[in-house]
Each structure stands twice: as structure tokens, then as C-alpha cells.
**Student:** 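Below you'll find the structure I mean.
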Amino acid sequence: MYAFKYHRPGTIRQAANLLAKNPEAKIMAGGHSLLPVMKLRLAKPSDIIDIGRVEGMNTIELKGRSIVIGALARHIEVANSKTVKDALPALAEVAGMIGDPAVRHRGTLGGSLANNDPNADYPAVVLGLGATIITNKRRIAADDYFTGMFSTALEPDEIITKVSFPLAKKAAYQKFRHPASGFALVGVFVSKRGSDIRVAVTGAGSNGVFRVKAFEEALKKRFSPKSIEGMTVPADGMNTDIHGSAEYRAHLVGVMARRALAAA
Amino acid sequence: MAAVSITVNGKAVTGDVDPRTLLVQFLRENLRLTGTHVGCDTSQCGCCIVHLDGIAVKSCTVLALQADGGNVLTIEGLAKPDGPLHPMQEAFRENHGLQCGFCTPGMVMTAVDMVHRLGNELDEKTIRHELDGNLCRCTGYHNIVKAIAAGAKAMKGYQQPA
Ligand SMILES: Cc1cc2nc3c(=O)[nH]c(=O)nc-3n(C[C@H](O)[C@H](O)[C@H](O)COP(=O)(O)OP(=O)(O)OC[C@H]3O[C@@H](n4cnc5c(N)ncnc54)[C@H](O)[C@@H]3O)c2cc1C
Ligand code: FES
Ligand code: FES
């Protein structure tokens, strides 16, 4: 790791001020994405602004037809939350599938979304439900938030404070887990909220999480695996690496989408 | 350098650390508590698992400063040096739950955390699933799983010595 200065502000406002003053600074929440890349010297922040213990930022509340979750909610808290399990079980399941128990004890919702790893799980739920990212400055719709792998609409001094997930009648996630890392080789989240149907895919796209409009169209008649029987996505634009070819990933998108629909 | 104070195994300790210092480094190098191991340094293997404020964390992926003001329990704090082994340690011994022993501190700390969260009756499927973040290169896991099931039962009513 390169050397850095460490700060632990008590509030998000203080954290934002520090961030604005130090252009090379980075927020740290759980540190479970940031520390590994710092160890590899792929990140060289001048300052670490540890928000991990800012109070009142891990709340989970049912508000009308949405669940609003603080950015510092750990994966384990979302996975075990009775509110989430009762109102939006698919979200609790996704959180419970992230990494391993010790990772879930440290990693946070906001950290995962700010990081936008192309193989991460939360981006699929956020896009697949049409959730809203709430920051210290504004509200960002999921469709405008993810802008490519490891890239988001967040401004340099913007901090995620909450995420609002709309409840869906039907929703499910299916993940084809990379056997070693636990990340999604391909993960598909499907949801139906009235006439709003969404199919969001993580792990597969060379540009990060994306929606499959063709599947969504086909599902308008009937929200069932049958409606997208035999359909796939083009291999063009899929990721290729030692873990799987673009064709393989494209094939898995169809398979995992059908499994998710069967589970929803 | 930055000041850090942590309660480790019930004792208040302080130190002056480079902010880069990982919790595991602080434990091993500053405090000479070398029971906590570093197997991978990449958050994969679980050899470095300790309890921070009562929950299992990979101490190679936590800064010592992130644990400032917190409460850490390591394998050394599980039982008194001159007293009997902790029931989970005893179960690992009884069930031959280790070979080289490198992964064992992390396995035991994970197992104790598992019992705290999930109770004293753990089936094989649950234990294997929960061991997702702990690698063992020797045993093939069978006896670790057996040890954890037995240790979990033996922990019923057990009070951690202060
Ligand atoms: C062994 C291992 C396995 C894993 N497996 C999976 C998996 O299967 N699926 C999965 O999805 N993830 C996985 N992860 C990643 C894990 O979920 C991370 O915890 C998560 O991606 C990042 O959360 P964090 O709180 O640790 O963020 P940090 O590491 O603290 O921060 C990550 C990035 O987000 C920024 N940031 C953090 N919080 C905010 C905020 N509130 N506002 C703005 N910016 C912010 C930081 O500046 C940094 O750039 C794994 C990680 C490890 C170590
Ligand atoms: S040394 Fe920490 S997980 Fe391997
Ligand atoms: S006993 Fe040798 S690594 Fe587990």
C-alpha cells in the first residue's frame, strides 16, 4: 500500500468537506473493495476518509411502498433484516449471497454501489428494481447511475447516504457463482412491478450491469420463463476472460434469467 | 503516525502506527500475538479471522485504525493460558480437525462466530456453507466440519472467561 493520511469524520457533511478539499482522497466504508486494490497498488489515495462508523447510516426502514436502506448497512444486516425478508425477500437473498460471512460482516451497500464492480451483486438488484440512489446532493435513478465498469454517475465529492428500493410483487435473483471468488460470473435479477418489468444482468457485460430490453418486452405478455424460451443475448458486448467466453456468458444470461423467472 | 487504542483479549492496548498498518499486522507485529495467521493477504483464506466487536472479520482487510476504540478477540483470548481449552478448541483436538494447523485459528474463530449467530445445533450443510471464506489445504474439511458440529454442541451454556 502507498502511504495515506487517515481521517475519521463524525458526519457525512465533514466527510464531504474533506473530500472536496483533497482531490486524491477516498471514502472508506467497509474497506472490502478499497483495501484489496490499495494493497495491489492499483489505488493511491492521498487520504482515507473512514465513514465506517458514522452513526445512523445503517438503518433499514419500510417507507410506503419502498424499503430505504442506509449506505453503511452491512451485507449481513440486509440479509438478516426482518423488514427486508418480509417485504422484499429477493433483496435479502442477494445480500446473503455476497462473498463469505466475514466479507458480509464488513462490506456495505453504499461501498458496493460506489465501486460498481462489473461482477458485483447489488448493482443487479438496484437496476433490476429501478431503485433510487440517494446522495448528500441529490437522488439518482438506477437507470442513470451505472455508467460502465467501476464507473458511476457519482461526482468526486458525492457520497451515497441511502438507497430506496421499490417493493415488487415478483422479484428474484439467480447467480452463477464463480467457484473461487464467489462473485457473479453471470447474475440476473428479474422483477415485475405493475407494468414495469425489468431484467438486469451483472457479471456478463463488458460495460458492467445492463438491462435486457428484448427479454423485458417478451415478458410483458406473461412474466414466466416460457415467454423467453430459447432467447439469448448477442455475444457481442459480453465479457471474455479466462473464466468464460463471451458466447458462454451470453448463453448463461438466458439460462439464469429463466431460472430467476421460475423462482420469482 | 497515528495513535490507536484497542481492547485486545480484554486488555486495553495502545500503539502508534503508520495508518497503513493492518489489524493483523498490529496484532502480530506490535502485540506479538502470532496465533492469528496470514495465509493469503488477499481476503480469501480466513486464516486471519478475529472477532471485532463480537463479529468475525478478516483482519488482513481491516486497518488497525478502523478498529480504534473497538474490542478484538483473537485465538489467544479464547481460553486462559493456564486453564482448559475453549470447547471449540477441544472439539478440534478431539476430532482431529487439523493437520498442519495453519488454518486452525481462523477456523476456530469462524466456528465460534457461527455458533454465536446460528446456535448450538449446526448441520453439516450449514457448516460447509458457512466455511465459504476459510480455506484449508490439508484436511479436506471433513474433520473440521465434525469438530465444529461437536464444538457447537459443547458450547451450550459456556461462558467465555473474562
Ligand atoms: C473475498 C471477497 C469476496 C467478495 N465477494 C463478493 C461477491 O460475491 N459479490 C459482491 O457483490 N461483492 C463481493 N465482494 C465485495 C464486497 O461486497 C465489498 O464489501 C463491497 O463491494 C464494497 O463495500 P465496502 O463497504 O467494503 O466499500 P469500500 O471498500 O470501503 O469502498 C469501495 C469504493 O466505494 C467508495 N465508497 C464507499 N462507500 C461510499 C459511499 N457511501 N459513497 C460514495 N462512495 C463510497 C470508496 O471510496 C471506494 O472507492 C467481495 C469482497 C471480498 C474481499
Ligand atoms: S490472510 Fe486474511 S483472508 Fe487470508
Ligand atoms: S490444517 Fe493445514 S491448512 Fe488446514
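The basis for the numbers below is simple: all heavy atoms, side chains too, and nothing from hydrogens, waters or symmetry mates. Numbered from 1 within each chain, the chains take letters A, B, ... in sequence-line order.
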**Student:** For Leu22(B), is it the side chain, the backbone, both or neither that has a heavy atom under 4.5 Å from a heavy atom of chain A?
**Tutor:** side chain
**Student:** Find the one option among Glu130(B), Gln66(B), Arg117(B) whose heavy-atom pairs under 4.5 Å with chain A are most numerous.
**Tutor:** Gln66(B)
**Student:** For chain A, find which of Ile49(B), Thr42(B), Asp41(B) contributes the most heavy-atom pairs closer than 4.5 angstrom.
**Tutor:** Asp41(B)
**Student:** Using a 6.0 Å cut-off, check whether atom NZ of Lys44(A) has over 12 heavy atoms from anything other than its own residue.
**Tutor:** no
**Student:** Take atom CD of Glu61(A) as the centre, draw a 6.0 Å sphere, and report whether it contains more than 12 heavy atoms from other residues, nucleotides or ligands.
**Tutor:** yes
**Student:** With only heavy atoms counted, which part of Leu40(A) is less than 4.5 Å from chain B, the side chain, the backbone, both or neither?
**Tutor:** neither
**Student:** Can you tell me which portion of Asn134(B) sits under 4.5 Å from chain A's heavy atoms? Options are side chain, backbone, both or neither.
**Tutor:** neither
**Student:** Can you check whether Tyr6(A) reaches Asp18(B) side chain to side chain, under 4.5 Å on heavy atoms?
**Tutor:** no
**Student:** Side chain, backbone, both or neither: which part of Met28(A) has a heavy atom under 4.5 Å from chain B?
**Tutor:** side chain
**Student:** To the nearest 0.5 Å, what is the distance between CG on Asp100(A) and NE2 on His129(B)?
**Tutor:** 10.0 Å
**Student:** Please evaluate residues Thr61(B) and Arg106(A) with respect to the criterion side chain to side chain contact (heavy atoms under 4.5 Å, CB included), reporting the C-alpha separation (whole Å), side-chain torsions for both, the decisive distance (0.1 Å), and the verdict.
**Tutor:** CA-CA 9 Å; Thr61(B) 314; Arg106(A) 294 294 293 171; over 6 Å; no
**Student:** Counting distance only, does the side-chain N/O of Lys58(B) pair as donor-acceptor with the main-chain N or O of His32(A) below 3.5 Å?
**Tutor:** no
**Student:** What part of Arg74(A) is in contact with chain B, defined as an atom under 4.5 angstrom from a non-hydrogen atom: side chain, backbone, both or neither?
**Tutor:** neither
**Student:** Can you tell me if NZ on Lys5(A) sees more than 12 non-hydrogen neighbours from other groups inside 6.0 Å?
**Tutor:** no
**Student:** With rounding to the nearest 0.5 angstrom, report the CG to SG distance, Leu35(A) to Cys60(B).
**Tutor:** 9.0 Å
**Student:** Look only at the side chain of His105(A) and the backbone of Ala56(B), and say whether a donor-acceptor pair between them is shorter than 3.5 Å.
**Tutor:** yes
**Student:** Can you say whether Leu52(B) sits under 4.5 Å from chain A via the side chain, the backbone, both, or neither, judging by heavy atoms?
**Tutor:** side chain
**Student:** With side chains defined as the heavy atoms from C-beta onward, is the minimum distance between Asp68(B) and Arg53(A) less than 4.5 Å?
**Tutor:** yes
**Student:** Name the region of Leu65(B), side chain, backbone, both or neither, that has any atom closer than 4.5 Å to a heavy atom of chain A.
**Tutor:** both
**Student:** Are Asp132(B) and Arg177(A) close enough for a salt bridge, meaning some N to O gap below 4.0 Å?
**Tutor:** yes
